[in-house]
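The next block holds one structure in the form of C-alpha cells; read it before the comments.
Quantities reported herein were computed from a predicted structural model and do not represent experimental measurements.
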Amino acid sequence: MIRILTLSVLSLLSSAVAFPQSHGDTTFVSAVKENTISLYKQALRAQSRLNNGSKYRATGHSLEQHPYFLSEDWIAGSVFYDGEFFGDVFLMYDLNQGVLVTEHYPSGNSIELVDQKLRNFTLQGHYFERIDIESVANSLPKTDFYDILYGGESKVVAHRQKLLRREIESGTIEISYDEKYRYFIFRNGVFFPVKSKGSALKVMSDKKQELKRFHKQNRASFFKNRELMLKRLAEYYDSL
C-alpha cells in the first residue's frame, strides 16, 4: 500500500508541475495532494508498527539450497502483528531459524518480526497460526507457528522446519537443508502425531470403516500427497 501511495504522491506532484491550472484547478489539486499526502503519512505510521523488529541475519545458502518456505524471494502475504492486520506485505519465512522476515520500507533492509507480537500470517494460500502448547495440553512439539491445513473441528496442522547441514568437500564447506515436516490431528482437546493413512485412521478410529472406504475411492488423488490425504480425511470425518 505504501508503494502505491508513494507513486500516487509522485504522480500528483509531477502533474501539478507539468500542467498549468486556473485558480479553481489549483485549489482542487492542492486539496487532492494534501489528502494523498495525509493518507501516505497515516500508512507510514501504521507500517512503522510492522517495522518494529530486529535486523535479520540470514544463514548460509547455495544456488539450490535455502532455508525459506516456498521461495527465497519475497512473497506477497499478510500478517496480524502487534494487534493490527497488514495486507500485501513482502515476506519470507525462515524455517531454519523459525522467524518471519519482512522488508523494511523505505530502507529495503530485511527485519525479523517479534514472535510474541505475531499472531498469524499467510503465504501463497498457507495460513500459519501461533499455537501455545499449554493450550493443547503440551501435545505439540513447542509453541510455534503451525501451517493450518484444515481448520475444522478435527484440525490438521503441519510443523515445518529446515535443518541446516554443513559438509566439507574438497576443502569447501557445502551447505544443504533437510526438510522436516511433522503433521498432527486435533481430537478431544489434544493433537496426535500422524504420518500415514494408518496413523490417521487410528486417531479417528470410531469411524474407521467409513474413512477406509473414502480413502479407497480417492486413492489416486491422495497418491504421493500426504497433506491432501490428511486434510480430506479430517474433513470427511467431521462431515459424518
Contact summary for [X] and [Y], nearest pair of heavy atoms:
X: Arg57; Y: Glu112; result: N-OE1, 4.4 Å
X: Arg182; Y: Pro141; result: NH1-CG, 3.5 Å
X: Leu70; Y: Leu123; result: CD1-O, 4.1 Å
X: Tyr81; Y: Val114; result: OH-N, 3.1 Å
X: Val156; Y: Leu230; result: CG2-O, 3.8 Å

Report yes or no: does [X] contribute a side-chain atom to a donor-acceptor pair with the main-chain N or O of [Y] at less than 3.5 Å?
X: Asp238; Y: Glu153; result: yes
X: Lys162; Y: Lys180; result: no
X: Ser78; Y: Gly87; result: no
X: Asp94; Y: Gln97; result: yes
X: Thr102; Y: Phe90; result: yes
X: Glu103; Y: Ser110; result: no
X: Lys155; Y: Ile185; result: no

query: Do Lys195 and Glu227 sit within salt-bridge range, that is, some charged N less than 4.0 Å from a carboxylate O?
result: no
message: Salt bridge check, Arg165 against Glu167: does any charged N sit closer than 4.0 Å to a carboxylate O?
response: yes
- prompt: Step by step, would you call Arg130 with Leu118 a side-chain contact (heavy atoms from CB on, under 4.5 Å)?
  reply: CA-CA 8 Å; Arg130 182 182 175 87; Leu118 182 60; over 6 Å; no
- request: Assess whether salt bridge (charged side-chain N to carboxylate O under 4.0 Å, His left out) is satisfied between Arg119 and Glu84, documenting all intermediate values.
  value: CA-CA 10 Å; Arg119 181 184 298 178; Glu84 189 169 347; over 6 Å; no
task: Look at the rings of Phe214 and Phe222 and say which category their plane angle falls in: under 30° parallel, 30 to 60° tilted, over 60° perpendicular.
output: tilted
- prompt: So if you build clusters from Ile, Leu, Val, Met, Phe, Trp, Tyr with side-chain heavy-atom gaps below 4.5 Å, do Phe145 and Tyr181 land together?
  reply: yes
message: Testing the 3.5 Å rule here: is there a donor-acceptor pair between the side chains of Tyr68 and Asp73?
response: no
message: Centre-to-centre under 6.0 Å for Phe186 and Phe191, is that the case here?
response: yes
message: Less than 6.0 angstrom separating the ring centers of Tyr93 and Phe128, yes or no?
response: yes
Audit row: Leu228, Arg226, side-chain contact (heavy atoms from CB on, under 4.5 Å) steps and yes/no: CA-CA 6 Å; Leu228 176 63; Arg226 177 167 51 176; over 6 Å; no
